[in-house]
Structure formats: structure tokens, C-alpha cells
Amino acid sequence: MHDIKFIKNKPEIFDRLQKKRNEKVKSSEILEIYNKYLSHINKIQELQKIRNNESKKIGLISKIESKTKIDLLKKNVGNLKKKISDLNFLADKEYSNLTRILSLVPNLLDEKTPFGESDLDNKKIKEFGEKNEFSFQPLDHVVIGEKLGLLDYTSAAKLSGSRFSVLKSELALLSRALMNYMLDKHTKQNGYKEIKVPELVLKECLYGTGQLPKFKDDLFETREGLWLIPTAEVSLTNLCREEILNYKNLPLRYTSFTNCFRSEAGSAGVDTKGLIREHQFGKVELVSITKPESSMNELDRMIECVESILKDLNLHYRVMELCSSDVGFSSSYTLDFEVWMPGQSKFREVSSCSNCKDFQSRRMKMRTKNNETGKIIYPHTLNGSGLAIGRIIVAILENFQEKNGEVNIPKVLWDYMGGTKKLLNLKD
RNA sequence: GGAGAGAUGGCAGAGCGGUUGAAUGCACUGGUCUUGAAAACCAGCAUAGUUUCACGACUAUCCAGGGUUCGAAUCCCUGUCUCUCCGCCA
């Protein structure tokens with residue numbers, strides 16, 4: 001949510017940065033509604049002041065004055081009440097109009113975010129490792145998994161239809177190993193606090209992080225009005241919704257493994273089979289809540305935490321700076337991590353790290369009191385995948401496959417795999 | 001799901017329908033004292049909004065939404081949540 005006073009004071013910046021996103025909103029229409037609202041509010045407060053004074057007067061003189069005189073006073077206040085409630089009705093109308101519009105306006109882009117018209121304009125800022133050499137034609141993860149008898153899409157379709165997976169035996173274990181390894185890394189080495197959170201949340205949470213009201217169609221809603229989270233960012237960030245956080249405790253760093261649920265409404269026909277794009281997938285998430293001035297440093301730190309995992313796994317990846325058309329609704333500046341997938345001959349996103357600045361904290365009324373100034377301020381929120389389990393499984397299957405169809409497990413996972421170092425082809 | 005109790009400032013916890021935005025304690029901030037710290041003492045300390053160059057003034061808020069009243073933290077209704085007891089259940 002935007003600070004209306006910012007729009008009022010710096011309309012040209014607001015308009016320029018929204019235009020950079022290709023958004024149509026104009027500060028002028030927003031301010032017009034806001035000014036109408038203010039004029040009602042001013043009148044209301046004036047009348048309320050009179051009402052309060054008159055009521056106090058009645059209380060004071062009620063024991064001395066005659067009944068008729070008091071009744072007259074009461075009648076006058078009664079008239080005021082009617083005017084006040086009429087004006088309140090008008091003010092409420094303008095206010096809900098204002099919030100309805102503002103709730104659909106995306107975050108202001110950071111000046112660092114490059115301009116671009118599609119994901120083709122994203123800028124590569126870093127690359128680590130290099131493409132594996134294969135003496136044979138590397139296979140896609142679905143083929144590898146099915147050949148090994150560890151991925152079962154017939155069963156998945158029987159249970160839940162398309163965009164679901166059934167993982168078996170060592171592959172199910174690999175999924176669990178990755179979760180444990182990543183959580184251990186983030187809690188023991190990277191300073192994050194592990195939290196186990198609900199995966200069904202109230203709509204207020206989704207409003208707070210920015211998925212609602214605009215992206216309703218991407219989410220699953222239950223009959224009871226609870227919503228399945230599309231990412232643990234929702235649950236973790238909303239832990240601090242409507243809180244005044246202790247300034248001294250910042251930054252807060254949370255990590256959690258959850259299942260994530262996405263309807264994938266807009267991606268019909270794309271990646272319909274496999275672990276790349278599923279309705280349900282596991283992900284370890286990182287969330288940081290920081291003082292405003294240190295959020296960009298925190299993003300750098302978060303990136304290192306994500307990189308530490310990719311390096312451990314020995315994966316070839318690149319870091320992309322998202323351009324203006326590709327940065328998400330709530331984010332101001334985003335970096336994506338893409339891992340090379342030889343079976344598909346392309347880089348695929350496995351993590352996205354965003355600085356949402358005070359956009360989410362304003363939406364969810366998360367605040368903190370600056371000790372030095374005594375002012376109430378909005379902290380900055382950041383989130384990053386650390387990482388998406390399904391896509392990392394794809395990366396492992398495709399990058400470490402051998403000619404006979406077997407797959408080597410990265411060394412850091414051996415202990416987590418109970419000593420299993422390789423996915424064996426037991427069929428042949 | 002049934003029966004009862006409750007929801008007040010960062011936390012704990014008072015509060016007769018009329019200067020109660022709200023006692024008190026803790027926490028927090030500043031000061032005195034101390035080599036430093038602790039302790040003690042003194043002072044400050046809710047949030048949102050309007051208005052003002054500023055000091056300030058004003059308005060709203062005691063879970064949420066309605067209602068009664070000239071006036072509600074205080075009375076009434078509805079909802080949400082929490083706790084205790086019973087039932088059911090991973």
C-alpha cells in the first residue's frame with residue numbers, strides 16, 4: 001500500500017515510477033478522491049467538537065438548570081448527530097473508493113530496477129560454474145525419473161489430475177533430504193529462525209503480502225474462506241501483521257518449509273508435466289524484516305545465503321536482475337536465480353529474492369519505533385526462496401545423470417540420504 | 001459440537017454512564033549517582049488522522065460491527081478469538 005502523503009508530496013515521482021511499470025494509475029485521480037475525503041473529514045471533526053462540548057455542558061448543568069432548558073440543549077445535539085452521520089456516510093464512501101484503487105497499485109520500483117518490456121530484458125549480473133559436458137544426449141528429468149521408477153505421473157493423474165507429482169523411494173527421500181539440508185543450513189549457518197507455519201491462512205494475510213485482491217485467480221480458496229498459501233512468504237511475513245516490533249530486535253530472519261499451492265491459471269499448456277510447474281510444491285522460504293535503511297544490505301546477505309546452497313550442490317547458475325516489466329506486484333527490486341537444466345537446454349528459475357521495502361508493512365500495519373527519533377516507522381520486508389525443492393530435484397536429476405540413467409547425489413546430501421550416493425537403475 | 005468465563009496501552013493488570021486516553025506494575029527512553037555496570041532516585045513514554053511554518057489545537061480509537069443515550073471502556077445485540085469443563089478426533 002502506498003503512503004498517500006508521498007503521492008501528495010511527490011506526485012511526479014509516483015507517476016514516473018508507475019509508468020516505468022506500464023501502469024495506468026495517475027496521482028491526479030487518486031488525489032482528487034483524497035481531497036474530497038479530507039473536506040468531509042474536516043467538517044465532521046468540526047461538528048464533533050461542538051457535540052462534545054455541548055454534551056459536557058449538559059453533564060455539568062444537569063443538576064442546576066430547569067428541565068426545559070436542558071431538553072432544548074439535547075435537541076440541538078440531536079440535530080448535530082444527524083449531520084455528522086450523513087457526512088460520515090459520504091466520507092466512508094470516498095475512503096473505500098480510495099483504498100479500492102490504492103490496493104491495486106503495485107509497489108514503486110527501485111531506481112536500480114532496469115527498464116524493460118519483457119523477461120528478455122532482465123540483466124545477468126553474475127554467473128557461477130559452467131555447463132556440464134555430456135558424452136551423450138542428456139535427458140529431461142521426467143524421463144530420467146520415470147525410467148528409474150521414482151517418478152510416477154500415472155499415479156499423480158489418478159490422484160489429482162495434471163500438475164501434480166508422485167515421488168517414490170529414493171526420490172521421496174531426496175525431497176526430504178533437501179528440505180532438511182536447506183533448513184539446517186539457514187538455521188545453523190545463515191542465522192535464520194525456523195518457524196513451522198500454517199499453510200491455510202485468512203484473506204487478510206494475502207492482502208498484507210499483496211496477492212489479494214488483484215491475484216485472486218492464482219490462488220486456491222477453501223469453502224470455509226481460508227486460502228492455501230502460494231508461498232511461505234505469506235505466513236512468515238504476516239507473523240508481524242498489526243504489530244509494533246521492538247526496534248532492537250531487528251532484523252528478524254525467518255525460515256520455513258511449507259507446501260505452496262498455485263492455480264497456475266495463466267500458464268495453460270506450459271510445463272504441464274514434471275516438477276517445474278505444479279499446483280503443489282515444497283519450498284524453503286527466507287523472510288527478513290529490517291530497518292528501512294538496511295534492507296538493500298539485507299538483500300545482499302540473503303542472496304549470499306541462497307548462493308551458499310547452490311554452491312554446496314555444485315550447480316551452474318546465474319543471477320538475473322529483473323527488469324521493470326518482470327518485477328512482481330509487491331516488490332521494488334528483485335533478483336532471480338536460474339540454474340542450468342541440461343535436459344531442457346535452458347536456465348530455469350529456482351529462487352527469487354525481493355526487497356518489498358515498506359509496501360507490505362504498510363498493507364499489514366507492521367511497524368516499529370525508531371529508538372533514536374521516537375518515530376513510528378514501517379520496517380522493510382524481504383523474501384527469497386531458499387530454495388524450491390521440486391526444481392532443485394530437476395536440477396540434480398538433469399545435471400548429475402549418467403549414460404546408464406543413474407543419478408549421482410551431491411555430496412552434501414549423502415548424510416541426509418542415509419548414505420545413499422546414487423539413484424540406481426534397478427529395472428535393467 | 002454443548003455449557004460457562006473473558007478480550008483494556010509493548011506486556012501484565014485496575015476501571016461508579018459525565019474533565020478516563022484511561023490507575024498501578026513491568027518493559028522502554030532520557031537524567032542523577034558510579035571508573036564502568038547493577039541497584040536506587042527523578043522525568044518521559046499509546047495509536048491513527050485533521051490542522052499549523054512552528055509551539056500547539058482538535059478528532060477518532062479500550063477485540064470487530066451495530067444499537068440505547070445529550071454523553072459509553074462502562075448498558076444491549078451480533079460476530080470473531082482466547083480460556084475452563086463435556087463430547088468427538090489425527
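Naming: A, B, ... by sequence-line order, numbering from 1 per chain.
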Rounding to an integer number of angstrom, what distance separates [N] and [M] when you compare their [atom1] atoms?
{"N": "B:rU82", "M": "B:rA46", "atom1": "C1'", "value": "23 Å"}
{"N": "B:rG36", "M": "B:rG49", "atom1": "P", "value": "42 Å"}
{"N": "B:rC16", "M": "B:rA23", "atom1": "P", "value": "14 Å"}
{"N": "B:rU74", "M": "B:rU19", "atom1": "P", "value": "14 Å"}
{"N": "B:rG10", "M": "B:rU84", "atom1": "P", "value": "26 Å"}
{"N": "B:rA72", "M": "B:rU20", "atom1": "P", "value": "16 Å"}
{"N": "B:rU78", "M": "B:rU68", "atom1": "C1'", "value": "15 Å"}
{"N": "B:rA12", "M": "B:rA7", "atom1": "C1'", "value": "14 Å"}

**OP:** Indicate the atoms forming the closest heavy-atom contact of A:Gln360 with A:Thr209, along with that distance.
**Re:**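 Answer, listing the atom of A:Gln360 first, then A:Thr209: NE2-O, 3.0 Å.
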Using a strict 4.0 Å threshold on nitrogen-to-oxygen distance, state whether [X] and [Y] make a salt bridge.
{"X": "A:Lys82", "Y": "A:Asp86", "answer": "yes"}
{"X": "A:Glu264", "Y": "A:Arg262", "answer": "no"}
{"X": "A:Asp110", "Y": "A:Lys357", "answer": "yes"}
{"X": "A:Asp271", "Y": "A:Arg348", "answer": "yes"}
{"X": "A:Glu23", "Y": "A:Lys214", "answer": "yes"}
{"X": "A:Lys57", "Y": "A:Glu54", "answer": "yes"}

Complementary nucleotide for [N] - Watson-Crick or wobble, under 3.5 Å:
{"N": "B:rC62", "value": "none"}
{"N": "B:rA27", "value": "none"}
{"N": "B:rG36", "value": "none"}
{"N": "B:rA90", "value": "none"}
{"N": "B:rC53", "value": "none"}
{"N": "B:rU19", "value": "none"}
{"N": "B:rC81", "value": "B:rG6"}
{"N": "B:rU74", "value": "none"}

**OP:** Could you tell me which residues satisfy salt bridge (Lys or Arg N to Asp or Glu O under 4.0 Å) with A:Glu170, sequence neighbours excluded, listed by chain and number?
**Re:**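 Not a single residue meets the salt bridge (Lys or Arg N to Asp or Glu O under 4.0 Å) criterion with A:Glu170.
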N/O to N/O distances under 3.5 Å, protein versus nucleotides 74-76 of chain B:
none

[N] [atom2] sits how many Å from [X] [atom1], rounded?
{"X": "A:Arg241", "N": "B:rC81", "atom1": "CZ", "atom2": "C1'", "result": "13 Å"}
{"X": "A:Leu202", "N": "B:rG79", "atom1": "CG", "atom2": "P", "result": "18 Å"}
{"X": "A:Lys74", "N": "B:rG18", "atom1": "NZ", "atom2": "C1'", "result": "12 Å"}
{"X": "A:Asn76", "N": "B:rU69", "atom1": "CG", "atom2": "C1'", "result": "16 Å"}
{"X": "A:Leu226", "N": "B:rU80", "atom1": "CG", "atom2": "C1'", "result": "13 Å"}

Original post:
Taking only N and O in the side chain of A:Lys57, is any of them less than 4.0 Å away from OP1 or OP2 of B:rG71?
Top reply: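 So the side chain of A:Lys57 is outside the cut-off, no N or O lying under 4.0 Å from OP1 or OP2 of B:rG71.
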Subject >> Centroid-centroid under 6.0 Å between A:His2 and A:Phe14 rings >> reply: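 Yes, ring centres under 6.0 Å apart.
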Original post:
When the aromatic ring centroids of A:Tyr95 and A:His40 are compared, is their separation below 6.0 Å?
Top reply: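 Aromatic pair excluded; centres sit 6.0 Å or further apart.
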Subject >> Residue mapping more 5' on RNA chain B - nearest nucleotide basis, A:Asn246 or A:Lys75 >> reply: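 Looking at the nearest nucleotide for each, A:Asn246 comes out on the 5' side.
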Original post:
When you check every protein heavy atom under 4.0 Å of nucleotides 45-64 of chain B, what one-letter string (B, S, -) results, 5' to 3'?
Top reply: S-SSBB-------SBS----
Original post:
Between A:Glu199 and A:Ser235, is a side-chain hydrogen bond (donor to acceptor under 3.5 Å, both in side chains) present by the stated rule, with each step listed?
Top reply: CA-CA 7 Å; A:Glu199 296 172 14; A:Ser235 303; over 6 Å; no
